[in-house]
Amino acid sequence: MVRNLLDQDFEPYAALVMALELEEVFQSLYHIGGLRAPSLTVDGVPVLLLEEDGEGAAAPSKAVVYRGEADGHTLELSAFVAAGTPWSNVPMLRWAIVAVALLVVPLLAVIVWLFRRHVSRPIDTMIAAAAHVQAGERGYQIAGDAPSREFALLYNHFNAMSAELESQFDRSYQEQQALQQAKIKALQSQINPHFLNNTLEIINWEARLADNQRVCSMIEALSTMLDAAISRDGRSTVTLAEELKYVDAYLYITQERLGDRLTVTRDVDPEVMGWRVLLMMLQPIVENAVEHDLSRSGGELCLRAYPRRGAGGARLCVEVEHDGAIPARDWENIRRSLEPQSGGQKPGGSVGIRNVNQRLRLLYGEDYRFDMAELRPGRILTRLEIPGEEGGK
């Protein structure tokens, strides 16, 4: 239509007037928040886009002017942006903040209370308990229930650690006391045997002067046994020949006391005479047989020693067989004496048998055998079997 209104020389022939829908044409301007009194000028002709109603209008902050040219026409856009606040621009913001505060503050209070109850307070309890232990209250225990499974586990570990600390401290204290007593007894033992040896030597000389050979021999045998018991050189093992010398010294004194009522026989393989055995291993066993049985009614005592070889190597077997009878109630004491004993127990039974068994266990561990049995009524056999060390090694 516009083309038909113009001639070929493009001279104006008529004017076309159109009414524009401002809200459609300038739709983007209507969505600018805080825009006040916008106006558009086309080639100097003003076009009012929005009318200011004046109600609740905020004071303008500054004028904004945009200029531009298009197809030979000059466009100018001017408007004022109101200096508003978020409260005026978004009326619901205030209520949203209040609602959020009403929800967040109680939530924070609950979180702080839970943290205090489940984390802070249990930690303070453990710190206080550690302070008690540090102050010397070994064995201090945390009382009460933990607020959670994790802290219950920590409480249990702390209580167990504190109890173990107390136990170790008490054990260490007892060991120190025992060591102190042992040192005192060791110092005393250095004096008593020396005094006894000197006394025996004096008695021996008196017996020699009186020409009493029987008393001299008994004193010399007793001195031999005393030297073995003292073990001044600190040896724990000796050869079987040397151990038999101590047994012979004891049996000599015993035969002098019992006379013909005691008969002693020996059957020892010469091959094992140089093998190593525990010091004072046989004499307590022989003494036990004599004192509990033979000293009352007399009888025979037979001592045997022989080697036994097998897949595990050479073994030394020693047997002490004698006449006698052991009541049924005493067999239980003997059984307890031959069992492994803990440090604080003191079972019944023979002191000599228990002492030998404990020393054998310390020296050989489980690699030994120590038995007592009744072969037949009136005949007792004690049997020892230990690792054989040939050639006196």
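The figures here come from the full heavy-atom set of this structure, side chains too, leaving out hydrogens, waters and symmetry mates. Just so we're clear, the structure is a prediction, and the values are computed from it rather than from any experiment.
Residues His322 and Cys302 have side chains not in contact (no heavy-atom distance under 4.5 Å, counting atoms from C-beta outward). In this structure, Ser162 and Arg138 have side chains that are not in contact, with every pair of non-hydrogen atoms separated by 4.5 Å or more. Looking at Val277 and Val318, their side chains never come closer than 4.5 Å, going by heavy atoms from C-beta outward. Side-chain contact check for Leu282 versus Tyr250: every heavy-atom pair is 4.5 Å or farther apart. Residues Val264 and Leu303 form no side-chain contact, since every pair of their non-hydrogen atoms from C-beta on lies 4.5 Å or further apart. Between Met273 and Val268 the shortest side-chain heavy-atom distance falls below 4.5 Å. With contacts defined as side-chain heavy-atom distances shorter than 4.5 Å, the pair Glu243/Met281 qualifies. A 4.5 Å side-chain heavy-atom check between Leu301 and Thr263 finds every atom pair outside the cut-off.
The hydrophobic clustering, which links ILVMFWY residues whose side-chain heavy atoms are closer than 4.5 Å, places Ile334 and Leu381 apart. Placement of Leu108 and Val100 within a single hydrophobic cluster is found when ILVMFWY residues are connected by side-chain heavy-atom separations under 4.5 Å, directly or transitively.
Salt bridge Arg315/Asp367: present, at least one basic N to carboxylate O contact under 4.0 Å. The existence of a salt bridge linking Arg304 and Asp269 is excluded, since no basic side-chain nitrogen approaches an acidic carboxylate oxygen closer than 4.0 Å. A salt bridge links Glu366 with Arg361: at least one charged nitrogen is closer than 4.0 Å to a carboxylate oxygen.
Judged by distance alone, the side chain of Glu76 and the main-chain N or O of Thr74 form no donor-acceptor pair under 3.5 Å. For Asn156 (side chain) and Ala152 (main-chain N/O), a donor-acceptor pair under 3.5 Å exists by modelled atom type.
Side chain to side chain, Tyr306 and Glu271 fail the donor-acceptor criterion of an N or O pair below 3.5 Å. Checked by atom type, the side-chain pair Arg359/Asn355 shows a donor-acceptor distance below 3.5 Å.
Contact detail for Gln283 and Tyr246: the closest heavy-atom pair is CG-O, 4.4 Å. A pairwise comparison of heavy atoms in Arg117 and Pro122 identifies O-CD, 3.3 Å as the closest pair.
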Does the side chain to side chain contact (heavy atoms under 4.5 Å, CB included) test come out yes or no for Tyr364 and Ile386, once each step is laid out?
CA-CA 8 Å; Tyr364 300 111; Ile386 62 175; 3.6 Å; yes

Taking it one step at a time, do Leu384 and Ile285 satisfy side chain to side chain contact (heavy atoms under 4.5 Å, CB included)?
CA-CA 10 Å; Leu384 280 170; Ile285 297 175; 3.4 Å; yes

I'd like to know whether Val238 forms a side chain to side chain contact (heavy atoms under 4.5 Å, CB included) with Leu278, so could you lay out the CA-CA distance, the side-chain angles of the two residues, the decisive distance to 0.1 Å, and finally the verdict.
CA-CA 6 Å; Val238 294; Leu278 181 68; over 6 Å; no

How far apart are the C-alpha atoms of Thr265 and Glu300, what are their side-chain angles, what is the distance that settles it, and do they pass the side chain to side chain contact (heavy atoms under 4.5 Å, CB included) test?
CA-CA 8 Å; Thr265 59; Glu300 180 187 20; 3.9 Å; yes

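For residues 118-134, the salt bridge (charged side-chain N to carboxylate O under 4.0 Å, His left out) pairs, not counting sequence neighbours, are Arg116-Asp124.
With rounding to the nearest 0.5 angstrom, the NE2 atom of His157 is 14.0 Å from the CD atom of Glu164. Here CG of Leu316 is found 6.0 Å from CG of Leu240. Values are rounded to the nearest 0.5 Å. The distance from the CG atom of Leu107 to the CG atom of Leu103 is 8.5 Å, given to the nearest 0.5 Å. If you take CG on Leu363 and CD on Gln358, they are separated by 13.5 Å, rounding to the nearest 0.5 Å. For the atom pair CG (Leu244) and OG1 (Thr239), the distance works out to 8.5 Å, reported to the nearest 0.5 Å.
Within 6.0 Å of the CZ atom in Arg149, the count of heavy atoms belonging to other residues, nucleotides or ligands does not exceed 12.
Cluster partners of Ile142, by chain and number: Phe115, Val119, Ile123, Met126, Ile127, Val133, Tyr140, Phe151, Leu154, Tyr155, Phe158, Met161, Leu165. The rule joins Ile, Leu, Val, Met, Phe, Trp and Tyr whenever side-chain heavy atoms lie under 4.5 Å apart.
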Can you give each donor-acceptor pair under 3.5 Å made by side-chain atoms of residues 371-378, sequence neighbours left out, with the distance rounded to 0.1 Å?
from, atom 1, to, atom 2, distance (Å)
Asp371, OD2, Arg369, NE, 2.3
Asp371, OD2, Arg369, NH2, 3.2

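Using cut-offs of 30° and 60° for the angle between ring planes, the Tyr173 and Phe169 rings count as parallel.
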